[in-house]
Structure formats: structure tokens, C-alpha cells
Trainee: 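Before I ask anything, here is the structure I am working with.
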Amino acid sequence: MKHYKIAILAGDGIGPEITKEAIKILKLVEQRNAVTFELLPALFGACAYFETGDAFPRETIEICDQADAILKGTIGLSHEESKKIPVDKQPERGALLPLRRRYNTYANFRPVSLPRQLAHFSPLKPEIIGDGIDLVIVRELVGGLYFGAKETGVNDQGLRYVKETLEYDEGQIRRILHQAFRLANRRKKVLHNIHKSNVLKSSVLWNEILEEVAPEYPDMEVVHLLVDAAATLLCLKPTQFDVMVMENMFGDILSDQGGGILGSLGLMPSACLGDEKAYYEPSHGSAPDIAGKNIANPYSMIGSVAMMLENSFGMDREAKNIWDAMQGVFGDGYSTADLSKSGSGVTMLSTDEFGDKVAAKLSEMPSAAGTA
Ligand code: IPM
Ligand code: MG
């Protein structure tokens with residue numbers, strides 16, 4: 001019997017309610033497979049700050065250190081509420097970036113996927129969705145502007161100024177490119193390299209390293225695309241993409257656009273992998289406006305569980321079952337408030353109802369052990 005420790009960082013806003021549904025699925029996975037999960041809940045985000053004065057408190061760090069994997073919900077407050085916390089202690093700067101830095105989770109995988117049958121969720125026309133969207137954004141997660149040196153002050157003319165640094169060394173670029181090439185190699189063998197080399201020197205170095213790495217993957221096609229053009233093409237012809245690789249800030253922006261073309265960020269789970277530790281999280285924020293209403297879509301959180309099973313625990317088959325179960329629930333004519341309007345021919349599910357339906361579907365599927 002395998003045994004894994006999972007740190008559970010439910011976070012703020014809708015975090016706790018969607019995490020509850022993820023745990024529902026984890027418990028079911030335990031029943032269906034020769035595995036036990038030890039869940040270790042810990043405070044993280046604004047809730048942690050208000051309780052302890054620190055958004056990523058020492059106790060949480062210790063729990064994450066000893067965990068085999070970390071499952072994170074959502075963090076953050078509304079713009080107004082955020083002002084109650086000093087800038088450097090706010091959950092994004094005070095918890096999320098330190099988490100990424102501590103475990104060096106440099107490789108962020110964000111699947112953007114919508115089968116043809118669910119084209120009605122997307123704001124794009126069905127003919128643009130074609131046979132479905134199925135791409136992965138590979139985002140560098142611990143470098144660039146997010147982590148570069150910052151400076152604020154008053155300049156010679158008495159004007160307040162700010163300086164933020166976009167810095168990468170070749171090792172950081174090389175390792176994320178390898179991750180992207182390896183993924184593309186397992187998929188359609190086409191890698192879209194997203195950059196801004198007509199302006200940014202960081203992109204010039206990025207592309208130089210890519211030229212050095214590419215010969216190690218001889219049967220792969222590399223397509224170079226400027227990030228602004230990529231934004232347009234994601235709307236006009238998303239089906240041309242399979243694996244897209246890019247630096248941190250580009251990946252932040254284009255992955256939200258990915259959620260946009262699917263119809264909701266609620267469909268965007270993610271895996272953040274380092275060489276030693278990984279954590280899993282929805283790509284979206286804490287949606288404080290709908291928190292506690294039991295209407296948030298837990299898809300991104302349950303999808304993050306699927307990514308954890310696959311990447312941290314080698315349970316590929318069960319991960320696929322979870323994806324199929326979620327798509328199956330939508331395929332049966334159900335939807336959630338972020339994806340559809342009531343009265344549009346779908347049956348609307350609350351947060352916990354969606355979790356229940358997914359669990360019911362999963363229960364019907366044979367488990368890897370064949371003991372379901
Ligand atoms: C994301 C989020 C974070 C980011 C925020 C919450 C700091 O938008 O994971 O995409 O910008 O990386
Ligand atoms: Mg983002």
C-alpha cells in the first residue's frame with residue numbers, strides 16, 4: 001500500500017469550498033486504489049496573515065516541507081480588503097511567490113482543453129473550436145519580472161519612480177525548454193516558442209538557448225511566435241497549438257486568455273513542478289465576490305488533483321479517469337454558473353453537487369486495481 005502526505009492549503013475566498021470537493025475525490029481515489037493519503041491542512045494566504053501575522057507562516061512551511069505534494073486552493077482578497085494588509089505581506093507577494101521560490105517550482109503546466117462536445121462553453125464560434133481545443137501552456141514560474149530586483153524611490157527631478165528587473169540566466173531558460181520539449185515530444189511533436197525578441201534582450205537569449213537545446217530533439221518542429229501575435233492567434237485559431245512555452249509574465253497573461261477561450265478560468269487547473277517538490281493549484285484567483293455561495297466551479301481544483309496523481313504519484317490511469325468523469329458530467333448536460341446562464345438548456349450544479357456528480361461518475365469507472 002502506497003502512502004503519501006499531501007499538504008492542503010485551502011486559502012481564501014472560494015478556496016475552502018472548492019478544496020472540499022477536491023478532498024472528496026481524493027477520498028474516493030483512496031477507496032479505489034492501493035493508496036492512502038495523509039491530508040495535512042495548513043493556513044496559507046490572507047487567512048493565515050490575519051491569524052498569525054504571516055501569509056506563509058512557519059508551521060505551514062514545515063508541513064509543506066514534509067509533504068510529498070502540496071495541493072493549494074486560491075488566495076487573495078478583493079482590492080479594498082487587500083489594503084488591510086501591508087503590501088509585502090499580501091498573499092500574492094507574502095505567500096504564493098515565496099512558495100514558488102522555496103520549492104523552486106519552475107515548470108508550470110497549464111492545460112487549456114475543451115472537447116468539441118463542450119464548445120458551447122466557449123465564447124468562440126463552433127467552427128473555431130473545430131474538433132476541440134487541447135493545448136498546454138508551459139510557463140516558467142520562478143524567474144523574470146516576478147522575481148527580479150525591485151527598487152522604488154524619487155529621481156533627480158523629484159519624481160517617484162519604480163524599477164523592476166527581468167532577469168534570466170541560461171540555466172533557468174534551458175531547464176524550462178527541456179520540460180517543454182519533453183512534453184511536446186510525448187504529444188504532437190510541435191512546440192510553439194513564444195517570445196518578444198524584437199524588443200526584449202531576455203527573449204534574444206531565450207531564443208539562443210532554444211537553438212542550442214533543439215538539436216537534442218531532432219524530430220520536433222519548433223514554431224517561433226511573438227507573444228502579441230500569439231494572443232491574437234489563441235482567439236482566431238487555437239486548434240493550431242499543442243505545446244506553447246514562454247517566460248513567467250507572458251505565461252501569466254496568455255494562460256488567463258486560455259481560460260477566456262474555454263469560457264471560464266474555472267476550467268484551468270495547473271501543476272507547478274520543481275526537481276524535488278511539486279504543488280498543484282487552480283490558475284485563477286479567489287473570486288471573493290462569490291465566496292461562500294456554493295456556486296464556484298471546482299473543476300480547476302479537481303483537475304489539479306488529477307495532475308497531482310499523474311505527476312507526483314504516477315497514477316496516470318486514475319488521473320485520466322478523473323478528467324473523463326468531469327467531462328462526462330458536463331456531457332450529461334450539467335453546467336456551473338461560470339460557464340452557462342440558467343435557462344440555457346443545461347442543469348446548473350452547485351459546487352458540492354458538481355463534486356458529487358464527478359464522484360458518482362468516477363465510482364462507475366474501473367480503477368487501475370480493477371477493484372472498483
Ligand atoms: C497565477 C496568478 C498569480 C500569478 C498571482 C495570484 C500572483 O495570477 O498563478 O497565474 O500572477 O502568477
Ligand atoms: Mg495569473
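Order of appearance sets the numbers: ligands from 1, and atoms from 1 within every ligand. Residue numbers start at 1 and run along the sequence shown. Atom set for the values below is all heavy atoms of this structure, side chains included, hydrogens, waters and symmetry mates excluded.
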Trainee: Looking at the rings of Tyr103 and Tyr279, which for Trp means the six-membered one, are their centres under 6.0 Å apart?
Mentor: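 No, ring centres 6.0 Å or more apart.
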Trainee: Considering residues at least two apart in sequence or located in another chain, which fulfil the side chain to side chain donor-acceptor pair (under 3.5 Å) criterion with Asp332?
Mentor: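 Only Lys361 meet the side chain to side chain donor-acceptor pair (under 3.5 Å) criterion with Asp332.
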Trainee: Look up atom CD in Glu247 and atom OH in Tyr146, then write down how far apart they are to the nearest 0.5 Å.
Mentor: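 Those atoms lie 9.0 Å apart.
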Trainee: Please give me the protein atoms (N, O or S only) lying under 2.8 Å from the Mg ion (ligand 2), ordered by chain and number.
Mentor: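 Near the Mg ion (ligand 2), the protein supplies Asp252 OD1.
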Trainee: With the side chain counted from C-beta on, respond yes when Leu118 and Pro115 share a heavy-atom pair under 4.5 Å apart, and no when they do not.
Mentor: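 They are in side-chain contact.
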Trainee: Does the side chain of Asn104 come under 3.5 Å of the side chain of Asp275 through a donor N or O and an acceptor N or O?
Mentor: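 Judged by distance alone, the side chains do not pair up.
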Trainee: Provide, line by line, the atom pairs where ligand 1 and the protein bring an N/O atom each to a distance under 3.5 Å; else say none.
Mentor:
residue	atom	partner	partner atom	Å
ligand 1	8 (O)	Asp252	OD1	3.2
ligand 1	9 (O)	Arg100	NH2	2.9
ligand 1	9 (O)	Arg110	NH2	2.7
ligand 1	10 (O)	Arg110	NH1	3.0
ligand 1	10 (O)	Arg110	NH2	3.2
ligand 1	10 (O)	Arg139	NH1	3.2
ligand 1	10 (O)	Asp252	OD1	2.9
ligand 1	11 (O)	Tyr146	OH	2.5
ligand 1	11 (O)	Asp252	OD1	3.3
ligand 1	12 (O)	Arg100	NH1	2.7
ligand 1	12 (O)	Arg139	NH1	3.3
ligand 1	12 (O)	Arg139	NH2	2.8

Trainee: So, Arg32 versus Ser367: side-chain donor-acceptor pair below 3.5 Å or not?
Mentor: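 No, no side-chain donor-acceptor contact under 3.5 Å.
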Trainee: Does Arg101 make a cation-pi contact with Phe56 (under 6.0 Å, within 45 degrees of the axis)?
Mentor: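 Not flagged: Arg101 not positioned over aromatic ring of Phe56.
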Trainee: Would you list the atom pairs, donor with acceptor, under 3.5 Å between side chains in residues 300-308 and any protein atom, with sequence neighbours excluded?
Mentor:
residue	atom	partner	partner atom	Å
Ser300	OG	His284	NE2	2.7
Ser304	OG	Glu281	O	3.2
Ser304	OG	Ser300	O	2.7

Trainee: Kindly state whether the ring of His178 and the ring of Tyr217 have centres lying under 6.0 angstrom apart.
Mentor: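 Distance test on ring centres: under 6.0 Å, yes.
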